[in-house]
> 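Structure in structure tokens, see below.
These numbers come from the heavy atoms of this one structure, side chains and all, not from hydrogens, waters or symmetry mates. Numbers restart at 1 for each chain; the letters A, B, ... are given by sequence-line order, proteins then strands.
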Amino acid sequence: MQKFTLKINGQSHEVEADPQMPLLWVLRDRLGMTGSKFGCGIGVCGACTVRMDGSVTRSCVFPVAACTDRDIRTIEGLSEDISHPVQQAWIAEQVPQCGYCQSGMIMAAVALLEETPEPTDAQIDATMTNLCRCGTYPRVRKAIHRAARMMAQA
Amino acid sequence: MSHVHIRPWLITRRSLLQAAGSGTLLAWTLPAKGYGGAAGDGELLRAYLSIEPDGTVVITTPDAELGQGIYTTHALLIAEELGADWDRVRVRFSGAGEVFSNPQKKLQATGRSMGATGYYRLLREVGAMARGQLCAAAAARWQVPAGECDTESHRVEHAASGRRLAFAELVADAVRIAPPDQVTLRDPARFRLIGRSPSRLEIPLHASGRSDFAVDVQLPGMKLAALKICPTFGGRLKSMDAEAAGQMAGVHSVHALEDAVAVVADSWWEAQRALQQVKVEWDDGEAAGFDSQAMRAGLKTLVTDRDARGDGPPRVAVTIGDVNVALADSPRRVEGVYEVPYLAHATMEPMSCVARVDNGRCELWSGTQGPMRARDTAAAQLGISPEQVTVHRCFSGGGFGRRWQPDFVERAVDVARRVPGVPVKLIFSREEDTRHDYYRPAYACGFAGSVDAAGEITALQLRVAGASLFEFGRPGAFGDRPDPSSVSGLNDGIYRIGSALIDWSPLSTPVPIGVWRAVGHSQNGFFMESIIDELAHAAGKDPYEFRRALMEDERRRNVLDTVAKAADWGTPLAEGHGRGIAIMEGYGSIVAQVAEVSVRDRRIKLERMVTAIDCGMAVHPDNVRAQMEGGIVFGLTAMVHGAIDVEAGRVRQGNFSDYPLLQLKDTPRFETVIIESGEQMGGVGEPGLPPAAPAVANAVFAACGERIRALPLSRHGWRLA
């Protein structure tokens with residue numbers, strides 16, 4: 001066990017954990033931040049997606065020891081009141097079904113739109129590799145385009 | 001029961017629990033005399049509805065929210081009759097109890113696409129009863145007959161005098177008035193919510209990451225548990241050495257269960273890590289001799305060799321005339337074998353449950369599809385009465401039938417009882433979830449059919465072979481009749497057929513099997529609608545026109561016509577493109593789909609999926625569209641990738657790396673046409689799935705002339721482009 005100081009959503013958190021403990025479980029079981037989900041544990045499904053220094057990161061395979069001095073962003077920090085354009089677009093397009101993959105899906109979409117403010121369908125295809133068992137994919141696509149328009153007008 | 005309005009979009013189970021007992025809130029508690037009889041005085045109304053002092057309407061859903069949107073649908077039915085403002089409606093999950101039984105099933109169980117159809121009338125009546133009380137309260141204040149009052153926009157109105165009172169001003173009086181003995185439901189012409197697709201209430205929770213799934217439950221003193229189950233079905237734990245694991249950081253305790261090892265720790269990762277250090281010896285048991293490849297070869301034999309026998313003689317579902325005579329006479333004859341593998345549910349949230357066992361009581365937190373079943377399982381396991389078990393329900397991260405099984409609840413209880421008083425959150429690893437599912441059974445279908453020059457089907461002989469879903473664990477339950485799920489979708493009589501023999505050859509196996517989205521239709525839709533397409537081709541007819549000419553039911557034909565028109569059937573396509581059509585009836589709805597694909601070098605691109613559904617009436621049309629999209633993606637995931645193999649009694653696949661799902665990039669364009677026929681309402685969660693695979697397979701045939709008879713595509717030389 002070691003002590004780590006993590007900067008999550010702009011706030012500093014002290015945690016004690018094994019250096020190999022993945023960020024996901026530090027968030028969920030040490031800090032009680034359960035917005036990021038466990039889906040596969042091997043970095044494939046993307047339910048655990050967070051952003052680290054802006055990059056999309058699968059937190060279920062990312063050790064806490066590599067997280068210090070990084071800017072970690074989770075779904076909890078996106079907005080206080082669901083006002084982020086991506087969240088608003090998600091509601092407007094009625095994207096989620098069971099909802100379980102959606103935190104990770106939204107974090108991936110936010111990162112995509114910051115990198116590529118007006119993504120093409122091909123860019124969305126290439127970037128959005130998060131898995132959704134309910135089949136919300138067509139609405140995810142629509143919501144990303146809608147969020148892009150909202151952000152361009154803002 | 002008390003509720004609090006925390007933030008307009010943020011009512012979670014946790015916040016409701018915290019609010020309970022604060023003693024400052026008013027609830028709806030007086031008897032609903034004479035209502036329905038079954039539920040007794042007021043219990044029903046209390047169970048489903050409360051109105052807070054500020055007028056916020058809190059509706060209780062008895063069903064699991066698995067992604068099918070029932071959270072919204074149930075709220076909408078009550079709110080419509082009540083005259084509530086949609087943005088002042090909140091939803092909570094019920095516990096387990098007979099009062100929450102689906103009136104059509106007499107059981108509280110989420111499945112069979114019956115959440116809307118089963119509760120439709122009940123919930124409207126609940127809303128109408130409460131409307132009656134509010135109107136009576138207002139009428140008493142105004143000294144007018146209650147019959148002159150009505151509700152709208154969260155107010156009671158007296159049209160003649162123009163007087164209005166907000167619900168919040170009437171709640172205190174209304175709860176002292178007995179609900180009306182009889183209620184009048186609103187005229188559908190005046191619906192403001194039903195059929196209008198108001199924004200779904202669960203969506204802001206999901207979009208903010210604040211919806212509570214069982215994996216998200218947090219309780220004081222809670223520990224996390226990880227589990228390793230004997231990899232061989234039916235095997236047992238012989239011995240374990242947990243000395244090293246027990247000393248690892250964060251580990252609370254290690255437990256030897258009958259067929260598994262569990263580690264309880266401060267975090268799930270620490271539990272899972274310690275689990276790998278437990279030295280285990282398994283007693284594999286009889287299933288160690290089971291191999292799905294050999295079994296599936298057996299299924300093919302059962303459907304091709306008329307003398308071969310599985311568990312017993314084939315059980316006949318349909319007999320019309322003499323197929324042998326008709327087949328012998330026909331020059332236009334086709335035959336072949338179709339096959340599909342075992343499938344896992346692969347819900348995004350692995351199986352999970354929180355349990356606390358203490359002093360003869362048990363509390364559960366779970367996304368179960370069967371709250372009463374979970375409750376009764378825990379009670380039986382602990383030797384306590386069901387009243388001593390409290391079920392707190394959470395959002396379910398996908399269900400598709402998997403969470404109907406009580407095994408994961410039972411396992412959570414099994415661990416929690418060993419650490420009395422400690423709440424234990426059990427989460428299956430993805431590997432355990434994949435390897436200890438209740439799988440969609442593997443099936444084969446052998447067929448021979450013939451057509452005449454006019455396009456009539458003169459003979460259709462179908463034999464399916466596979467394990468019985470509903471005789472699993474209770475052999476022989478159906479006697480000499482087929483398990484209905486084994487032949488569903490094959491015996492609907494959609495098409496006029498001159499002679500037919502459709503039967504099922506049962507073959508039981510040690511593999512746990514269970515209901516999987518669209519159940520028997522999930523494979524039979526593929527068999528039946530592909531075979532019909534083969535017959536159309538043999539007759540030299542257009543697949544749409546061939547089907548249409550054989551349909552005698554107007555309603556079905558209308559669905560087929562609608563999808564053909566919406567999909568531009570018959571218009572020219574680019575080289576290498578093809579369209580395929582399929583129709584299936586089930587769960588009270590009729591769904592037809594047209595797939596458009598392009599094929600090059602055995603690489604398939606899914607271009608477009610057009611759906612027409614006649615579900616009688618659509619309570620929430622946008623959600624119907626969402627369910628069609630989801631059902632298609634689920635069906636096509638199985639078609640393209642899905643296969644579970646069992647070797648020496650163990651499932652080979654373990655994670656999304658070897659049990660892949662369709663991705664966004666693979667997804668076609670979707671269009672859905674909803675037909676409001678006014679017929680009895682049907683379900684929508686499942687019926688979108690069955691036509692998807694045959695529509696695509698038929699489109700591939702149209703595009704390149706190759707017939708797909710075995711799934712998944714990835715195992716048979718096909719790839720997605």
> Can you tell me which portion of A/Gln88 sits under 4.5 Å from chain B's heavy atoms? Options are side chain, backbone, both or neither.
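The answer is neither part of A/Gln88.
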
> For the residue pair B/Trp268 and A/Phe38, categorise the inter-ring angle as parallel (less than 30°), tilted (30 to 60°) or perpendicular (more than 60°).
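If you compare the ring of B/Trp268 with that of A/Phe38, the planes turn out tilted.
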
> Is it the backbone or the side chain of B/Gln272 that comes under 4.5 Å from a heavy atom of chain A, or both, or neither?
neither

> Would you mind checking which part of A/Ser79 comes under 4.5 Å of any heavy atom in chain B, side chain (CB onward), backbone (N, CA, C, O), both or neither?
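Backbone only.
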
> Which distance, rounded to the nearest 0.5 Å, do you find between the CZ of B/Phe400 and the SG of A/Cys134?
4.0 Å

> Which answer fits B/Ser396, side chain, backbone, both or neither, if we ask what part of it has an atom under 4.5 Å from a heavy atom of chain A?
backbone

> Among A/Cys60, A/Gly35, A/Pro138, which has the most heavy-atom pairs under 4.5 Å with chain B?
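Option with the top pair count is A/Pro138.
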
> Does a side-chain heavy-atom distance below 4.5 Å link A/Arg28 with B/Trp269?
no

> Nearest 0.5 Å please: distance from the SG atom of A/Cys101 over to the CD atom of B/Glu349.
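It is 12.0 Å, given to the nearest 0.5 Å.
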
> Would you mind checking which part of A/Val95 comes under 4.5 Å of any heavy atom in chain B, side chain (CB onward), backbone (N, CA, C, O), both or neither?
backbone

> Could you give the distance from CG (A/Asp29) to CD1 (B/Ile427), rounded to the nearest 0.5 Å?
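It is 6.5 Å, given to the nearest 0.5 Å.
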
> Residue by residue, which of residues 139-154 of chain A have a heavy atom closer than 4.5 Å to a heavy atom belonging to chain B?
A/Arg139, A/Val140, A/Arg141

> Treating A/Gln94 as the side-chain partner and B/Asp622 as the backbone partner, does any N or O pair qualify as donor plus acceptor under 3.5 Å?
no

> Any sub-3.5 Å donor-acceptor pair from A/Arg133's side-chain atoms to B/Leu661's backbone N or O?
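Between the backbone of B/Leu661 and the side chain of A/Arg133 there is no qualifying donor-acceptor contact (under 3.5 Å).
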
> Is it the side chain or the backbone of B/Glu65 that comes within 4.5 Å of chain A heavy atoms, both, or neither?
side chain

> For each of B/Val633, B/Ile203, B/Thr434, tally heavy-atom pairs with chain A at distances under 4.5 Å, and name the one with the top tally.
B/Ile203

> How close do B/Gly209 and A/Ser103 get, heavy atom to heavy atom, and via which atoms?
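Residues B/Gly209 and A/Ser103, closest heavy atoms: CA-OG, 3.6 Å.
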
> Please lay out, stage by stage, how A/Ile42 and B/Arg430 fare under the test side-chain contact (heavy atoms from CB on, under 4.5 Å).
CA-CA 9 Å; A/Ile42 57 170; B/Arg430 175 56 56 190; over 6 Å; no

> Sequence neighbours left out, what passes ring pair (Phe, Tyr, Trp, His ring centres under 6.0 Å) with A/Tyr137? Give chain and number order.
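So A/Tyr137 forms no ring pair (Phe, Tyr, Trp, His ring centres under 6.0 Å) with any residue.
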
> For A/Gln97 and B/Gln627, work out which heavy atoms get closest and say how close.
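Looks like OE1-NE2, 3.4 Å.
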
> If every non-hydrogen atom of A/Gly39 is compared with every non-hydrogen atom of B/Pro350, which pair is closest and at what distance?
O-CG, 4.1 Å

> Who wins among A/Val44, A/Asp18, A/Leu78, A/Ile106 for the most heavy-atom pairs under 4.5 Å with chain B?
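Between A/Val44, A/Asp18, A/Leu78, A/Ile106, the count favours A/Asp18.
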
> Is it the side chain or the backbone of A/Thr129 that comes within 4.5 Å of chain B heavy atoms, both, or neither?
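Both backbone and side chain.
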
> In terms of heavy-atom pairs under 4.5 Å with chain A, which of B/Gly367, B/Gly397, B/Ser352, B/Ala249 leads?
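When all of B/Gly367, B/Gly397, B/Ser352, B/Ala249 are compared, B/Gly397 has the most.
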
> Please answer whether the main-chain N or O of B/Ser267 pairs with a side-chain N or O of A/Arg30 as donor and acceptor at a distance below 3.5 Å.
no

> Sort out for me which of B/Leu224, B/Asp266, B/Leu636, B/Asn623 touches chain A most, counting heavy-atom pairs under 4.5 Å.
B/Leu224

> What part of A/Met1 gets closer than 4.5 Å to chain B, counting heavy atoms only: side chain, backbone, both or neither?
side chain

> A/Ile91 and B/Ser199: which non-hydrogen atoms are nearest, and at how many Å?
CG2-OG, 3.9 Å

> Using heavy-atom distances under 4.5 Å, tell me whether B/Leu66 contacts chain A through its side chain, its backbone, both, or neither.
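Backbone only.
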
> Report, by ascending residue number, the residues of residues 662-671 of chain B in heavy-atom contact with chain A at a distance under 4.5 Å; give 'none' if the set is empty.
B/Leu662, B/Gln663, B/Leu664, B/Lys665, B/Thr667, B/Phe670

> Can you list the residues of residues 113-122 of chain A that sit under 4.5 Å from chain B, counting heavy atoms only?
none

> Determine yes or no for a side-chain-to-main-chain donor-acceptor pair under 3.5 angstrom, with B/Arg273 supplying the side chain and A/Met21 the backbone.
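The answer is no, because no donor-acceptor pair under 3.5 Å joins these two groups.
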
> Output yes when A/Lys37 and B/Asp216 qualify as a salt bridge under the 4.0 Å nitrogen-oxygen rule, no when they do not.
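Yes, charged N to carboxylate O under 4.0 Å.
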
> Taking the side chain from A/Gln87 and the backbone from B/Ala207, do they hold a donor-acceptor pair closer than 3.5 Å?
yes

> Mark yes when over 12 heavy atoms from residues, nucleotides or ligands other than A/Asp69 sit less than 6.0 Å from its CG; otherwise mark no.
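Result for CG/A/Asp69: open.
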
> Given a strict heavy-atom distance threshold of 4.5 Å, which part of B/Ile632 is in contact with chain A: side chain, backbone, both, or neither?
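Contact with chain A is absent: no heavy atom of B/Ile632 under 4.5 Å.
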
> Please name the pair of heavy atoms, one in A/Gln102 and one in B/His206, separated by the smallest distance, quoted to 0.1 Å.
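Heavy atoms only, the tightest pair is CB-O, 4.2 Å.
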
> Measure across A/Tyr100 and B/Met348 and return the closest heavy-atom pair with its distance rounded to 0.1 Å.
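Heavy atoms only, the tightest pair is CE2-O, 3.3 Å.
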
